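Since this is a predicted model, take the numbers as computed values, not measurements. Below, chains carry the letters A, B, ... as their sequence lines are ordered, and counting in each starts from 1.
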Amino acid sequence: MSIDPVLHSVEVKAPPARAFELFTAHMGAWWPKGKTLAPNPHADIVIEPRPGGRWFERDAEGNEIQWGRVLAWEPPGRVLLGWQLNAQWRYDPDFLTELELSFAALAGGGTRVTLEHRNLERYGADAEEYAGKLRGGWPTFAGHFARYSDSQD
Amino acid sequence: MTYVVGALESLGALGDPTRRAIFERLAAQPSAVVDLARGLPVSRPAVSQHLKVLKEAGLVREISQGTRRIYSLDPRGIAAMRRWLDSHWASALDAFRRFADQQHEQELDK
């Protein structure tokens, strides 16, 4: 069984090369506040610009928490990231779902940014190893996640 | 909040190795109890009992085909995670659009 990927797109006014740069090099500036793993607000969110580069958040004191890694780095059109946060919202090097971003030029000079998050069935298939940890209490991100879900209702 | 709790409870049901094996077999192919029991070192009633737990966790569903009952994965269980990610990425992309357009306007004004 597969689960449909999550698919969204937005149009921005900047051309693809600039949109790609703003998305990847300034993620800490635009990422919604409080939607990160650490209890402290993020100071930055970094995508190291190369295949195999790390994707991580960093707080004001320099503590880093990894989210995943770069699988393909193809500016200005595409970047493929591994989202490696498991069902317990912890980084797991053995768990990976793919997040693909594409940046397509629009006739008026802007860019259509399309996001696809796929392999979500792995949250079911890889569940056994997390099951024992579930009794250990709520991880921080789940708390944010809960507040976030509530605020969407 | 409901989605999160639902998702984590679903995953907890997969903690048992036999249930996980059943889940994985059903992921590969919808099956009847008799077919599942054939490849597993447990009795048919035990398979039925595991299926009941998986059904209650929202991971597996049952369809009647004539006199046979066929089990398959229920997309709704894992879909709790998907629903959160869907909502998260919609919100994140919207935040990106606002930021990118603001930056672009500032760059044009220079």
Those residues of residues 48-63 of chain A that come under 4.5 Å of chain B on a heavy-atom basis, listed by number, are A:Trp55
Apart from B:Ile70 itself, which Ile, Leu, Val, Met, Phe, Trp or Tyr residues share its cluster (side-chain heavy atoms under 4.5 Å, direct or through members)? none
Indicate yes or no for a side-chain donor-acceptor contact from A:Asp44 to the backbone of A:Val46 under 3.5 Å, with no hydrogens or angles considered. no
How many angstroms lie between atom NE2 of B:His50 and atom CG of B:Leu40, to the nearest 0.5 angstrom? 8.5 Å
So which residues of residues 9-26 of chain A are in contact with chain B at a heavy-atom cut-off of under 4.5 Å? A:Ser9, A:Val10, A:Glu11, A:Val12, A:Lys13, A:Ala14, A:Pro15, A:Arg18, A:Ala19, A:Leu22, A:Phe23, A:His26
Any side-chain heavy-atom pair from A:Leu80 and A:Arg78 closer than 4.5 angstrom? yes
Can you measure from CD (A:Glu98) to NE2 (A:His117) and round to the nearest 0.5 angstrom? 9.0 Å
Spacing of CH2 belonging to A:Trp83 relative to CZ belonging to A:Arg122, to within rounding of 0.5 Å: 15.0 Å
Rounded to the nearest 0.5 Å, what separation is found between the CG atom of B:Leu54 and the CZ atom of B:Arg61? 14.0 Å
With side chains defined as the heavy atoms from C-beta onward, is the minimum distance between B:Val33 and B:Leu51 less than 4.5 Å? yes
With only heavy atoms counted, which part of B:Glu107 is less than 4.5 Å from chain A, the side chain, the backbone, both or neither? side chain
Between A:Leu115 and B:Leu93, the two heavy atoms sitting closest are CB-CD1, 3.9 Å
So for atom CD, which belongs to B:Gln65, do other residues, nucleotides or ligands contribute more than 12 heavy atoms lying within a distance under 6.0 Å? no
Can B:Arg44 and B:Asp35 be counted as an ion pair, charged N to O under 4.0 angstrom? no
Using heavy atoms and a sub-4.5 Å threshold, report which of residues 69-76 of chain A line up against chain B, by residue number. none
Can A:His8 and B:Asp86 be said to form a side-chain hydrogen bond (donor to acceptor under 3.5 Å, both in side chains), step by step? CA-CA 8 Å; A:His8 288 288; B:Asp86 190 48; 2.8 Å; yes
Check whether any side-chain heavy atom of B:Ile22 lies under 4.5 Å from a side-chain heavy atom of B:Val47, and answer yes or no. yes
